[in-house]
Amino acid sequence: MTAVRLFYLALGWLSVGLGVVGIILPILPTTPFLIVAVWAFSKSSPALAERLRNHPTAGPYIRGWQDHGVIPVAGKVLSTVMMAVVGVYLVTFTTLPTWAVLAVCAGMAGIAAYILTRPSVAPRD
């Protein structure tokens, strides 16, 4: 096994592990880590990538993103609300410099804009 393949395999398993932690900790997103895991496994172990794509719970979300760039409405709402909560927390309770708070909030606003502009359902064929 080549070093590159081992790297992608390790990255895939690390991402799966972080995704599992995200199931327990609501502040850590699960699906993005599983999408990274599928991408890494596709470069190192296509069989593992297909196992994730066919998972009964996570599979539809992963396939929706990979095949059509879909983010379900519930995911959009949850992610933007969580970013807004973090933004309000940063503005209200932290002692970070103003420039840092503004930079983080601007970054989250850009991410929220990207998420909200993705399709919510796959196109009908």
Side-chain angles (χ1 to χ4, degrees):
M1 188 175 286
T2 68
V4 172
R5 188 169 176 216
L6 280 173
F7 169 77
Y8 283 120
L9 191 62
L11 179 61
W13 281 114
L14 174 66
S15 298
V16 167
L18 290 171
V20 169
V21 171
I23 293 170
I24 300 162
L25 299 175
I27 195 166
L28 194 64
T30 299
T31 306
F33 286 115
L34 295 180
I35 289 169
V36 170
V38 169
W39 171 78
F41 285 149
S42 71
K43 297 183 174 302
S44 61
S45 175
L48 288 174
E50 282 306 305
R51 281 185 66 187
L52 277 177
R53 281 181 54 86
N54 294 322
H55 187 274
T57 304
Y61 299 109
I62 294 168
R63 286 191 310 274
W65 174 255
Q66 284 191 318
D67 299 344
H68 304 289
V70 168
I71 301 174
V73 172
K76 291 179 179 186
V77 170
L78 181 62
S79 61
T80 53
V81 166
M82 292 298 287
M83 284 187 275
V85 167
V86 169
V88 168
Y89 175 82
L90 288 174
V91 168
T92 308
F93 297 110
T94 64
T95 57
L96 292 173
T98 303
W99 66 266
V101 171
L102 291 174
V104 170
C105 288
M108 288 190 300
I111 293 167
Y114 178 79
I115 289 170
L116 293 172
T117 58
R118 300 302 96 200
S120 299
V121 294
R124 294 186 183 244
D125 293 329

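All residue numbers refer to positions in the sequence shown, counting from 1.
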Shortest non-hydrogen separation from Leu96 to Ala100 and the atoms involved: CB-CB, 4.4 Å
Enter the distance from Leu9:CG to Leu48:CG here, rounded to the nearest 0.5 Å. 6.5 Å
Is there a path of hydrophobic side-chain contacts, each under 4.5 Å between heavy atoms, that joins Leu78 and Val73? no
State whether the side chain of Thr92 and the backbone N or O of Tyr89 hold a donor-acceptor pair below 3.5 Å, judged by distance alone. no
If hydrophobic clusters are built by linking Ile, Leu, Val, Met, Phe, Trp and Tyr wherever their side-chain heavy atoms come under 4.5 Å apart, do Val38 and Val70 end up in the same one? no
Considering all heavy atoms of both residues, which atom of Val91 and which atom of Cys105 are nearest to each other, and what is their separation? CG2-SG, 4.4 Å
Shortest non-hydrogen separation from Pro60 to Pro56 and the atoms involved: CD-O, 3.8 Å
Side-chain heavy atoms of Arg53 within contact of Asp67, under 4.5 Å: yes
Please report the shortest heavy-atom distance between Pro119 and Gly69, naming the atom on each side. CD-O, 3.4 Å
Out of curiosity, Gln66 CD to Leu52 CG, how far, rounded to the nearest 0.5 Å? 9.5 Å
In this structure, CD1 of Ile35 is separated from CZ of Arg63 (nearest 0.5 Å) by 12.0 Å
Would you say that His55 contacts Leu34 through its side chain, given a criterion of any heavy-atom pair below 4.5 Å between the two side chains? no
Find the distance between CE (Met82) and OG (Ser79) and round it off to the nearest 0.5 Å. 10.0 Å
Any sub-3.5 Å donor-acceptor pair from Thr80's side-chain atoms to Ala112's backbone N or O? no
Shortest non-hydrogen contact between Lys76 and Leu116, atoms and distance: NZ-O, 3.7 Å
So, does Ser15 use its side chain to make a donor-acceptor pair with the main chain of Leu11 at under 3.5 Å? yes
Do Val36 and Leu18 have side chains that get closer than 4.5 Å, going by heavy atoms? no
Exam field: side chain Arg51 to backbone Ala47, donor-acceptor pair closer than 3.5 Å: no
I need the Ile23 CD1 to Thr31 OG1 distance, nearest 0.5 Å. 9.0 Å
Between Val77 and Val86, is there shared hydrophobic-cluster membership here, with clusters defined by ILVMFWY side-chain heavy atoms closer than 4.5 Å? no
Any donor-acceptor N/O pair, Lys43 side chain to Phe7 backbone, under 3.5 Å: no
Per the ring-ring contact (aromatic ring centres under 6.0 Å, His included) rule, which among Tyr8, Trp65, Phe33 passes with Trp39? Tyr8
